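Structure first, commentary second.
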Protein chains: 2
Amino acid sequence: MPAASKPPAAKAGPAKPRRRNARAPAARPYHHGDLRRVLIDAALQLVGEGGPEAVSVREAARRAGVSPGAPFRHFPSRDALMNAVAEEAQRRFRAEIEAALSAAPAGDPLGRFRCLGLAYLRWAMKNPTHFEIISSRRFFDHDRASGVSQDNAELIDLTERMLAEAFAQGQLRVGDLKRVQIAGRALIYGFARMNIDGHFPRWGVTGADAGRTAEDVLDLFIEGIAKVPGKSA
Amino acid sequence: MPAASKPPAAKAGPAKPRRRNARAPAARPYHHGDLRRVLIDAALQLVGEGGPEAVSVREAARRAGVSPGAPFRHFPSRDALMNAVAEEAQRRFRAEIEAALSAAPAGDPLGRFRCLGLAYLRWAMKNPTHFEIISSRRFFDHDRASGVSQDNAELIDLTERMLAEAFAQGQLRVGDLKRVQIAGRALIYGFARMNIDGHFPRWGVTGADAGRTAEDVLDLFIEGIAKVPGKSA
DNA sequence: CAATCCGTGTAATCGGTGCTTACATTCACA
DNA sequence: TGTGAATGTAAGCACCGATTACACGGATTG
């Protein structure tokens, strides 16, 4: 397994020295400079264009203007590239979720739960292909201790705490929180999945309706578990 | 995939007419007999072994004992083969659903709804890879008028009628049936998807628990929409 | 029965793909 | 200033989907 000696460069990129001495030779320099980054971006673009299946190492190399073998200096396999792509998508997803949560009311755990669900759904529907590659775990490296598992564990813990708080404050009328949590996740995940799997046309949900329907469905679920049978927003 | 072994099908050169006149059914006849069927089965088996990605026309041909080009007499492309595979899986799924429904109580629409959901989940969890290929619509031929769309439309209509009946009988405490229907589908689909996408390990759900958890989650949803806050089974 | 048609198999081949190896170039640092 | 490590290229392997030309043989005819 060659080329596995590149993890340091993946750490918050901007520490790259200007390798090209001030003068710019119009001809492409022998060394690309930041091929790893460019390959991930090209792959992300390919995912956006034709789904995960449409990503080929050669095409990514082609778009990066580099020979077909070059990517293998940075990724030992196509799966490793997809892994990096998935981690990048996961990073963006996580950032959006955290931004949404930071703007959520602090004293209303059920409201925060709703806010989290909405942010999840909105991101998933705005970035369907990115969501696809982070949702099916086959693009993550299960052996290596990547940040993905940790990210997810944190998110799961977060919702667990939200629900526990909500229950403690008397916002819920059901006590089996683990069940509520899994059901909620299944609902939200299922909705996002139905979107990217192309189910909505046959459900009479158009793209314009999808966002509204997502909100409706989430509210229906929350009404189902909330103590007060009224609107929870 | 490794090179494997290429068994020399016919070591003889061109000077071998291979007379196979009426008398030898033991040796493989020139015409296979039911290659289409065998190819679909082989592909289904491949799906079961390594997911949809693991299906290759050549491997299916190899397992059917025919040359790599033979399958293209029956399927114009790999996608067409996958299409047939998906339709076969859909057929089996549909059969199981109908069997479960025929054994469901007639006078209790909400109970029938639950029964349908359970049958859906059980089949999806017992045949994860088959469920995968019928759930993401990319393996269906969207142009041709296949029975799949009709199947799904019928299933959707069926649940719609169930819910309408349940509401008419006063079993539901919510009136927006379309929303209930989509939420229910999202919940069930999401749960099945979480299973095949490998989410359960990080949710503390093991294979043994999965069936029980599926039932729990489905019941939680039904409790959320049912008028009487009791168990609905 | 014999001739023929045509559905269905084989063989050879093409371009695309992941991946490896050998070699070339350049950067970073002692 | 030299030198090794990092990172690019070139060539080539096996497998893949797909196409084409040809071979076989069952079914339909006269």
Side-chain angles (χ1 to χ4, degrees), chain A residues 1-10 15-21 23 25 27-39 43 46 50 52-83, chain B residues 1-25 27-39 43 46 50 52-83:
Chain A
M1 183 158 54
S5 51
K6 196 61 175 78
K16 201 76 179 174
R18 290 298 110 221
R19 30 145 221 99
R20 205 87 227 121
N21 56 357
R23 318 197 0 85
R28 177 172 42 97
Y30 188 88
H31 287 92
H32 185 285
D34 198 1
L35 183 54
R36 183 189 160 90
R37 175 83 252 153
V38 172
L39 286 172
L46 285 169
E53 326 284 310
V55 177
S56 87
V57 178
R58 292 180 109 96
E59 180 60 25
R62 221 169 279 133
R63 297 195 177 192
V66 97
S67 72
F72 292 92
R73 291 290 179 193
H74 299 269
F75 305 97
S77 67
R78 177 186 181 276
D79 281 354
L81 171 59
M82 294 307 290
N83 180 6
Chain B
M1 217 166 273
S5 52
K6 186 86 173 209
K11 43 47 171 162
K16 192 190 177 198
R18 252 200 332 172
R19 273 267 49 97
R20 195 169 304 289
N21 54 7
R23 282 288 311 139
R28 176 172 50 91
Y30 187 88
H31 288 91
H32 185 284
D34 197 2
L35 182 54
R36 186 189 157 87
R37 174 83 251 154
V38 171
L39 286 172
L46 285 169
E53 327 284 310
V55 177
S56 86
V57 177
R58 293 179 106 96
E59 180 61 25
R62 221 170 277 132
R63 297 193 178 194
V66 294
S67 71
F72 291 92
R73 292 289 179 193
H74 299 269
F75 305 97
S77 68
R78 176 186 183 275
D79 281 354
L81 171 59
M82 294 307 290
N83 180 5

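What you see is a predicted model, and the numbers here were worked out from it, not measured in a lab. The chains referred to below are lettered A, B, ... by the order of the sequence lines, with proteins before strands, and numbering in each begins at 1.
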For [X] versus [Y], what's the shortest heavy-atom pair and its separation?
X	Y	value
A:Val66	A:Pro71	CG1-CD, 4.3 Å
A:Ala61	A:Ser67	CB-O, 3.6 Å
A:Leu35	A:Ala70	CD2-CB, 3.9 Å
A:Arg78	A:Val57	CB-CG2, 3.7 Å

Sorted by chain and residue number, the salt bridge (Lys or Arg N to Asp or Glu O under 4.0 Å) partners of A:Arg58 (sequence neighbours excluded) come out as none
Would you say a side-chain N or O of A:His74 is under 4.0 Å from OP1 or OP2 of D:dG8?
-> yes
Could you tell me the separation between the [atom1] atom of [X] and the [atom2] atom of [N], rounded to a whole number of Å?
X	N	atom1	atom2	answer
B:Asp34	C:dG7	CG	P	17 Å
A:Arg73	D:dA10	CZ	C1'	12 Å
A:Leu39	D:dT7	CG	P	12 Å

Tell me, with the steps shown, if A:Phe75 and A:Met82 meet side-chain contact (heavy atoms from CB on, under 4.5 Å).
-> CA-CA 9 Å; A:Phe75 305 97; A:Met82 294 307 290; over 6 Å; no
Could you go over nucleotides 15-19 of chain C and give all protein N or O partners under 3.5 Å, atom names and distances?
| residue | atom | partner | partner atom | Å |
| --- | --- | --- | --- | --- |
| C:dT17 | OP2 | A:Arg62 | NH2 | 2.7 |
| C:dG18 | OP1 | A:Val57 | N | 2.7 |
| C:dG18 | OP2 | A:Val57 | N | 3.1 |
| C:dG18 | OP2 | A:Arg58 | N | 3.0 |
| C:dG18 | N7 | A:Arg58 | NH1 | 2.6 |
| C:dG18 | O6 | A:Arg58 | NH1 | 3.3 |
| C:dC19 | OP2 | A:Arg78 | N | 2.4 |
| C:dC19 | N4 | A:Arg58 | NH1 | 3.4 |

